[in-house]
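Worksheet: one structure, shown below.
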Amino acid sequence: MVGQVIRASSPQGRFAAGAALLDGRVLMGVEAYGKHLFHRFEGLGDRLHVHLGLYGTFVSGSVPAPDPRGALRLRMIADGHYVDLRGPTRCELLTAGERRELLARLGPDPLRPSADPEPARQRIVRSKTPIGALLMDQAVLAGVGNVYRAEVLFRAGIAPTRPGTAMSDLEVATMWSDLRHLMRAGVRTGRIVTTAREHRDHRRGPARDEDRFYVYRRTDLPCRICGTPIRTAEMAARKVYWCPRCQAR
DNA sequence: GCAAAATGTCAAG
DNA sequence: TTGACCTTTTGCA
């Protein structure tokens with residue numbers, strides 16, 4: 001929709017004032033930092049800031065858009081397409097200063113080509129906090145969530161409970177490049193798949209849903225590598241999953 | 001029909 | 001660390 005005049009509305013009403021400000025403006029660009037999305041509009045200093053949170057979703061399609069149903073926070077229409085936003089934890093207009101403050105609280109985002117992992121490495125190796133909690137901290141790394149935390153630790157063979165201080169520089173560097181690789185694949189395909197082809201039951205074609213992860217949401221199921229039942233526990237307010245044998249270190 | 005869970009964050013204590 | 005919040009889907013009765 002970039003370059004198009006956007007028709008914006010908030011059928012639910014919670015973002016009615018904001019939508020009215022956006023309506024009729026040209027969308028100039030859209031950018032993501034970690035889990036935060038920013039839209040820039042012509043002639044408007046503020047930017048639209050969207051954070052989906054746990055259950056926010058964008059749904060898009062070709063016009064005509066279906067009649068608004070349920071709680072539809074924001075609908076944008078341009079160039080024969082609509083984009084519906086439901087359930088976000090944030091949908092607001094931010095001034096340049098507010099945006100700067102928000103970005104200042106974020107660690108490097110593995111998806112951004114220019115990101116420098118060094119600040120993340122320093123925070124990790126200087127912290128006694130478990131690596132499973134550090135990976136969820138957006139001030140350490142921006143964009144990593146509960147799926148990537150569990151999966152990247154499995155792929156590295158590292159227990160989520162390991163303190164940051166017990167992480168080597170090489171292990172941190174390896175996790176960073178693995179996150180970069182996995183998250184880019186996620187952007188490219190629109191879904192998260194962290195299993196190597198040879199570790200899926202069906203090795204040809206796109207991964208089936210139940211084949212996408214090594215440990216995430218696989219409590220008590222056998223580890224794909226060693227058969228040991230996958231364990232789960234709360235860490236950093238979310239459930240973390242790991243294989244007690246493959247991630248014994 | 002209702003509870004619980006879900007790729008998350010923040011304020012309060 | 002806990003509870004609140006945003007909304008939909010799924011599983012159970």
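Note that these values count all heavy atoms, side chains included, but never hydrogens, waters or copies made by symmetry. Bear in mind the structure is a predicted one, so any value in this text is a computation, not a measurement. So you know, we letter chains A, B, ... as the sequences are listed, proteins then strands, and number each from 1.
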Q.
With the threshold set at under 4.0 Å for non-hydrogen atoms, list the residues of residues 88-117 of chain A touching DNA chain B in residue-number order.
A. Thr89(A), Arg90(A), Arg105(A)
Q. Which of residues 141-162 of chain A have a heavy atom under 4.0 Å from DNA chain B?
A.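 The answer is Gly145(A), Asn146(A), Val147(A).
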Rounding to an integer number of Å, can you tell me how far [X] [atom1] sits from [N] [atom2]?
X: Asp209(A); N: dA6(B); atom1: CG; atom2: P; result: 15 Å
X: Arg217(A); N: dG11(C); atom1: CZ; atom2: C1'; result: 12 Å
X: Asp137(A); N: dG8(B); atom1: CG; atom2: P; result: 13 Å
X: Leu54(A); N: dC5(C); atom1: CG; atom2: C1'; result: 10 Å
X: Met235(A); N: dG8(B); atom1: CE; atom2: P; result: 15 Å
X: Tyr33(A); N: dG8(B); atom1: OH; atom2: P; result: 21 Å
X: Leu37(A); N: dT9(B); atom1: CG; atom2: P; result: 14 Å
X: Arg238(A); N: dA4(B); atom1: CZ; atom2: C1'; result: 13 Å

Q: Kindly point out which of dT7(C), dT9(B), dA6(B) is positioned nearest to the side chain of Gln12(A)?
A: dT7(C)
Q) Which nucleotide, dT7(C), dT9(B), dA6(B), lies nearest any side-chain atom of Arg14(A)? A) dT7(C)
Excluding sequence neighbours, so at least two apart, what forms ring-ring contact (aromatic ring centres under 6.0 Å, His included) with [X]?
X: His199(A); result: Tyr214(A)
X: Phe38(A); result: His49(A)
X: His39(A); result: none
X: Tyr241(A); result: Tyr216(A)

Q.
Under 4.5 Å between side-chain heavy atoms, counting indirect links through other Ile/Leu/Val/Met/Phe/Trp/Tyr residues: same cluster for Val152(A) and Val125(A) or not?
A.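 In one cluster with Val152(A): Val125(A), yes.
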Q: Scan side-chain atoms only and decide if Arg75(A) and Ser9(A) contain a donor-acceptor pair under the 3.5 Å cut-off.
A: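 No - no donor-acceptor pair under 3.5 Å links their side chains.
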Q: Could you pick out which residue, Ala236(A) or Lys239(A), lies toward the 5' side of DNA chain B when each is mapped onto its nearest nucleotide?
A: Lys239(A)
**Q.** Pairs where residues 206-223 of chain A contributes a residue and the test salt bridge (Lys or Arg N to Asp or Glu O under 4.0 Å) is met, not counting sequence neighbours
**A.** Arg191(A)-Asp209(A), Asp201(A)-Arg208(A), Arg208(A)-Glu210(A), Arg208(A)-Asp211(A), Asp209(A)-Arg212(A), Asp211(A)-Arg224(A)
Q: Just grab all the salt bridge (Lys or Arg N to Asp or Glu O under 4.0 Å) pairs involving residues 94-111 of chain A, residues at least two apart or on different chains.
A: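 Qualifying pairs, neighbours excluded: Glu31(A)-Arg99(A).
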Q. When rounded to the nearest Å, what value does the distance between P atoms of dT9(B) and dT9(C) take?
A.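 Approximately 22 Å lies between the P atom of dT9(B) and that of dT9(C).
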(Q) Please give the distance between the P atoms of dC5(C) and dG13(B) as a whole number of Å. (A)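 Comparing P positions in dC5(C) and dG13(B) gives a spacing of 14 Å.
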(Q) If the cut-off is 4.0 Å, is His51(A) near the phosphate of dG8(B), judged by side-chain N/O to OP1 or OP2? (A) no
(Q) Tell me every residue that passes salt bridge (charged side-chain N to carboxylate O under 4.0 Å, His left out) with Asp169(A), counting only those two or more places apart in sequence or in another chain. (A) Arg121(A)
